[in-house]
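The next block holds one structure in the form of structure tokens; read it before the comments.
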Amino acid sequence: MNYWLMKSEPDVYSIADLKSDRTCTWDGVRNYQARNFLREMSRGDLVFFYHSNTKIPGIVGLMRVVETKIADPTQFDMNSEYYDRKSQFDAPRWQTVRVEFVEEFTQLISLDELKQKFSADEIWVVRKGNRLSVIPVSEGAAEKILKMT
């Protein structure tokens, strides 16, 4: 099993939305490195849910990968902001995963707190200029984060 961190703006899709929906397809990722991380995911991997672009950004919960290698449906939707006219049904450029809700943490683990406890090598979210919405998390860092909840 591997660990990951995926970011979402809470006004777009929040941990509360996932808790209500129970599962969701993590669509709309349009960065090739983030897409490649999505392609590396396996069923059963655990993912930290991170609220970004908010007053206090940070990790708010945990989800699990339940399905992999899904063609992101937004790439074919001409009404979607994530539409990709170059993508084809028989060779989709963008793949994603389906995740399920596992847990909402009782307290947010803020980016400031993560910066105090982790180096940029331990967890990429604390790296200056990191903008990736999907990043791997080492097992050691994941265990430390889980102890913080």
Side-chain angles (χ1 to χ4, degrees), residues 1-105 107-115 118 120-139 141-142 145-146 149:
M1 174 177 55
N2 294 306
Y3 296 90
W4 306 89
L5 181 145
M6 296 197 304
K7 298 178 186 177
S8 180
E9 297 176 12
D11 61 337
V12 175
Y13 195 80
S14 70
I15 189 75
D17 295 324
L18 179 60
K19 187 176 185 177
S20 173
D21 296 343
R22 304 304 299 163
T23 67
C24 80
T25 301
W26 202 265
D27 58 22
V29 173
R30 292 298 180 271
N31 172 286
Y32 286 105
Q33 188 173 7
R35 185 238 14 223
N36 291 343
F37 288 142
L38 287 166
R39 287 180 172 177
E40 290 178 29
M41 290 182 182
S42 299
R43 193 165 187 250
D45 285 356
L46 291 177
V47 183
F48 294 101
F49 196 125
Y50 183 97
H51 278 174
S52 63
N53 199 21
T54 187
K55 186 175 180 179
I56 303 175
I59 299 173
V60 295
L62 194 62
M63 48 193 175
R64 180 180 297 108
V65 176
V66 293
E67 188 178 350
T68 61
K69 297 175 181 38
I70 300 169
D72 184 333
T74 61
Q75 68 192 308
F76 305 118
D77 180 355
M78 291 193 301
N79 296 317
S80 171
E81 66 181 293
Y82 302 111
Y83 175 67
D84 184 344
R85 63 181 175 77
K86 293 182 180 178
S87 193
Q88 300 179 12
F89 284 103
D90 59 344
R93 293 166 61 146
W94 304 104
Q95 290 180 320
T96 191
V97 298
R98 178 172 269 300
V99 294
E100 70 178 354
F101 175 82
V102 172
E103 172 184 8
E104 182 175 5
F105 296 158
Q107 190 171 326
L108 169 134
I109 302 171
S110 72
L111 177 58
D112 287 341
E113 193 174 353
L114 292 169
K115 286 179 178 179
F118 295 93
D121 290 331
E122 289 179 294
I123 185 166
W124 294 8
V125 75
V126 303
R127 287 183 180 175
K128 255 193 176 0
N130 176 62
R131 306 263 311 139
L132 286 176
S133 62
V134 179
I135 56 175
V137 175
S138 71
E139 184 175 354
I145 292 168
L146 290 169
T149 63

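From a predicted model like this one, the values you see are computed outputs, not experimental measurements. Each residue takes its place number in the sequence, starting with 1.
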Any donor-acceptor pair under 3.5 Å from [X] side chain to [Y] backbone:
X: Arg127; Y: Ala120; value: yes
X: Ser138; Y: Ala141; value: yes
X: Arg64; Y: Leu46; value: no
X: Gln75; Y: Trp94; value: yes
X: Ser87; Y: Arg93; value: yes
X: Thr96; Y: Trp26; value: yes

- [ ] Look at the rings of Phe76 and Phe89 and say which category their plane angle falls in: under 30° parallel, 30 to 60° tilted, over 60° perpendicular.
- [x] parallel
Open item on the list: Parallel, tilted or perpendicular, judged at 30° and 60°: which one describes the rings of Trp4 and Phe37?
Closed with: tilted
- [ ] Only pairs at least two apart or in different chains count here, so list each side chain to side chain donor-acceptor pair (under 3.5 Å) that has a residue in residues 49-61.
- [x] Glu9-Asn53
Taking all atoms of both residues into account, what is the closest heavy-atom pair of [X] and [Y], and its distance?
X: Ser110; Y: Ile56; result: CB-CG2, 3.8 Å
X: Val125; Y: Leu114; result: CG1-CD1, 4.0 Å
X: Lys7; Y: Asn130; result: NZ-ND2, 3.5 Å
X: Leu132; Y: Ala34; result: CD2-N, 4.0 Å
X: Arg98; Y: Thr23; result: NH1-OG1, 2.9 Å
X: Met63; Y: Leu18; result: SD-CD2, 3.6 Å

Could you tell me whether the side chain of [Y] reaches within less than 4.5 Å of the side chain of [X], counting heavy atoms only?
X: Val99; Y: Phe49; value: no
X: Thr74; Y: Arg30; value: yes
X: Leu62; Y: Tyr3; value: no
X: Asp72; Y: Tyr82; value: no

Measuring from [X]:[atom1] to [Y]:[atom2], what's the distance to the nearest 0.5 Å?
X: Leu38; Y: Met41; atom1: CG; atom2: CE; result: 5.0 Å
X: Ser133; Y: Gln33; atom1: OG; atom2: CD; result: 10.5 Å
X: Lys69; Y: Arg39; atom1: NZ; atom2: CZ; result: 9.5 Å
X: Leu146; Y: Phe48; atom1: CG; atom2: CZ; result: 4.0 Å
X: Asp21; Y: Phe101; atom1: CG; atom2: CZ; result: 11.5 Å

TODO: Walk me through it: do Leu5 and Ile145 pass the test side chain to side chain contact (heavy atoms under 4.5 Å, CB included)?
DONE: CA-CA 11 Å; Leu5 181 145; Ile145 292 168; 5.8 Å; no
Open item on the list: Side chains of Ser20 and Asp17 only: does a donor on one sit below 3.5 Å from an acceptor on the other?
Closed with: no
